[in-house]
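What you see is a predicted model; the values in this text were computed from it and never measured.
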Amino acid sequence: MNPSVSRDTPAIEFNHVSCRFISPDGKATVALRDFTMSVARGEFVAVVGPTGCGKSTTLSLITGLLKPTVGEVRVMGVPVSGIDPRIGFVFQNDAVFPWRNVIDNVAAGPMFRGQSKQAAHELAREWIRRVGLDKFAHHYPHQLSGGMRKRVALAQTFINRPEILLMDEPFSALDMQTRTLMQDELLQLWAGNAGSVVFVTHDLEEAIALADRVFVLSARPATLKRVYNIDLPRPRITSEVRYEQRFIDLSREIWADLREEVQIG
């Protein structure tokens, strides 16, 4: 981290960002319009909005894979200028190497960053244990269930100690029971890592169960419609918090807001 940057500086800032795409036939599509958002250090935020509104575009702008047409995106107080090694990304699809077993998949990040194979494997064994896969260290991805592969993906990401974690609907392909278990696993790993999380999801209940704040995006071209503070106490168990009255009230309130945009979209 740049020593000149204060700890009070947000981890992520969008300042009046617009993002426009030009298709091969010359047609312009505006994905984001005058979008402003701030994420504090150590904060867990969820982003919800209608299908195709530009939720995933926000993640690409944070990573530097996309550049804003107008406005500025900052990470740790510095304008985004390329891929930042402090950022981890968990995709909807499993980003594991099918030809490597679990321990080699998890150790790949530290080895790429310069650690010896022995040191990387020792660290990988610790993270494999943390995600409950210590009996499967030498299994290959095709030998694992969807939930187990997602645990590998979490271990792959957290082993690098990211200061910012971006997640693009990472649990959407899982069945409800496995999804709930993975949500709790994520909250435990995040609590021990203290990084900032931006979690994109179509599932409003998932957003409320996980996040400190929920950002509601409008229909495309997306702008920030409203921000909801999720004042549910932590630590949370996602399978239980859904039955609390405050959770139900928040769900109704946010859905009433989101439904308008879904109908427009």
Side-chain angles (χ1 to χ4, degrees), residues 12 14-21 28-40 43-62 66 68 71 90-93 165-184 186-187 196-234 236-265:
I12 301 165
F14 282 75
N15 295 318
H16 301 287
V17 169
S18 295
C19 189
R20 183 179 63 178
F21 299 99
T29 299
V30 180
L32 294 178
R33 181 184 61 196
D34 195 28
F35 182 78
T36 295
M37 180 177 81
S38 178
V39 180
E43 186 178 25
F44 195 128
V45 306
V47 179
V48 299
T51 299
C53 73
K55 298 185 296 295
S56 297
T57 300
T58 62
L59 303 185
S60 296
L61 288 163
I62 296 168
L66 285 178
V90 180
F91 300 90
Q92 181 175 353
N93 297 322
L165 178 60
L166 308 178
M167 309 190 78
D168 193 358
E169 299 197 63
F171 307 141
S172 61
L174 303 176
D175 63 77
M176 183 55 68
Q177 294 87 347
T178 305
R179 186 171 186 163
T180 301
L181 291 173
M182 292 308 306
Q183 290 165 356
D184 287 334
L186 171 61
L187 288 179
S196 304
V197 180
V198 180
F199 190 102
V200 166
T201 180
H202 279 99
D203 188 330
L204 181 55
E205 288 194 354
E206 179 174 62
I208 297 170
L210 294 173
D212 296 315
R213 290 190 293 161
V214 173
F215 291 76
V216 178
L217 273 57
S218 69
R220 179 176 282 191
T223 191
L224 183 59
K225 183 177 184 181
R226 195 158 300 163
V227 181
Y228 289 87
N229 291 316
I230 307 303
D231 53 355
L232 298 168
R234 294 193 187 275
R236 298 176 195 164
I237 300 175
T238 59
S239 60
E240 298 177 4
V241 73
R242 287 177 167 83
Y243 299 103
E244 295 184 12
Q245 187 59 49
R246 181 56 180 154
F247 183 99
I248 296 170
D249 293 343
L250 282 165
S251 183
R252 286 173 175 165
E253 183 180 358
I254 301 174
W255 170 239
D257 208 6
L258 181 59
R259 180 173 54 196
E260 298 176 1
E261 302 304 320
V262 172
Q263 290 172 340
I264 293 171

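Every residue meeting the side chain to side chain contact (heavy atoms under 4.5 Å, CB included) condition with D203, not counting sequence neighbours, appears here in chain and number order: R179, T201, E205, E206. Here L181 pairs with R151 under the side chain to side chain contact (heavy atoms under 4.5 Å, CB included) rule; sequence neighbours left out. Remark: I237 pairs with D184, S239, E240 by the side chain to side chain contact (heavy atoms under 4.5 Å, CB included) rule, at least two apart or across chains. Here A209 pairs with T238, V241, R242, F247 under the side chain to side chain contact (heavy atoms under 4.5 Å, CB included) rule; sequence neighbours left out.
Separation of atoms CG (L258) and NE2 (H202) is listed at 9.5 Å; rounding is to 0.5 Å. Once rounded to the nearest 0.5 Å, the distance linking CD1 of I208 with CH2 of W255 reads 11.5 Å. Rounding to the nearest 0.5 angstrom, the gap separating the CG atom in D257 from the CZ atom in R259 is 10.0 Å. Note: T178 OG1 to Q183 CD = 11.0 Å, rounded to the nearest 0.5 Å. Remark: L166 CG to I12 CD1 distance equals 6.0 Å, nearest 0.5 Å. Rounding to the nearest 0.5 angstrom, the gap separating the CD atom in E169 from the NZ atom in K55 is 6.0 Å.
The list of salt bridge (charged side-chain N to carboxylate O under 4.0 Å, His left out) pairs with a residue in residues 245-255, not counting sequence neighbours, reads D231-R246.
The shortest side-chain heavy-atom distance between L187 and F44 falls under the 4.5 Å cut-off.
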task = Given side-chain contact (heavy atoms from CB on, under 4.5 Å), test F21 with L66 step by step and report yes or no.
result = CA-CA 10 Å; F21 299 99; L66 285 178; 3.7 Å; yes
Chi angles and distances behind the side-chain contact (heavy atoms from CB on, under 4.5 Å) call for I62, F14 = CA-CA 9 Å; I62 296 168; F14 282 75; 3.6 Å; yes
query = Between R236 and I230, is a side-chain contact (heavy atoms from CB on, under 4.5 Å) present by the stated rule, with each step listed?
reply = CA-CA 12 Å; R236 298 176 195 164; I230 307 303; 3.8 Å; yes
request  = For the pair V17 and T58, evaluate side-chain contact (heavy atoms from CB on, under 4.5 Å) and give the outcome as yes or no after the intermediate values.
outcome  = CA-CA 10 Å; V17 169; T58 62; over 6 Å; no
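The one candidate from L186, V45, L165 that meets the side-chain contact (heavy atoms from CB on, under 4.5 Å) condition with V197 is L165.
Residue P170 comes nearest to V90 through the heavy atom pair CB-CG1, 3.7 Å, listed as atom of the first residue, atom of the second, then distance. Of all heavy-atom pairs between Q92 and S172, the closest is NE2-OG, 3.0 Å. Nearest heavy-atom pair across A256 and E260 is O-CG, 3.6 Å. Taking each heavy atom of P50 and V262 in turn, the nearest pair found is CG-N, 3.8 Å. The heavy-atom pair separating S218 from C53 by the smallest distance is O-CB, 3.4 Å. Listed here is the closest heavy atom pair of A46 and A207: CB-CB, 3.6 Å.
Counting only distance, with no hydrogens or angles, the side chain of E43 and the backbone of S196 share no donor-acceptor pair below 3.5 Å.
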Just list the side-chain donor-acceptor pairs under 3.5 Å for residues 28-39, sequence neighbours left out, or say none.
| unit_1 | atom_1 | unit_2 | atom_2 | d |
| --- | --- | --- | --- | --- |
| D34 | OD1 | H16 | ND1 | 2.8 |
| T36 | OG1 | H16 | N | 3.0 |

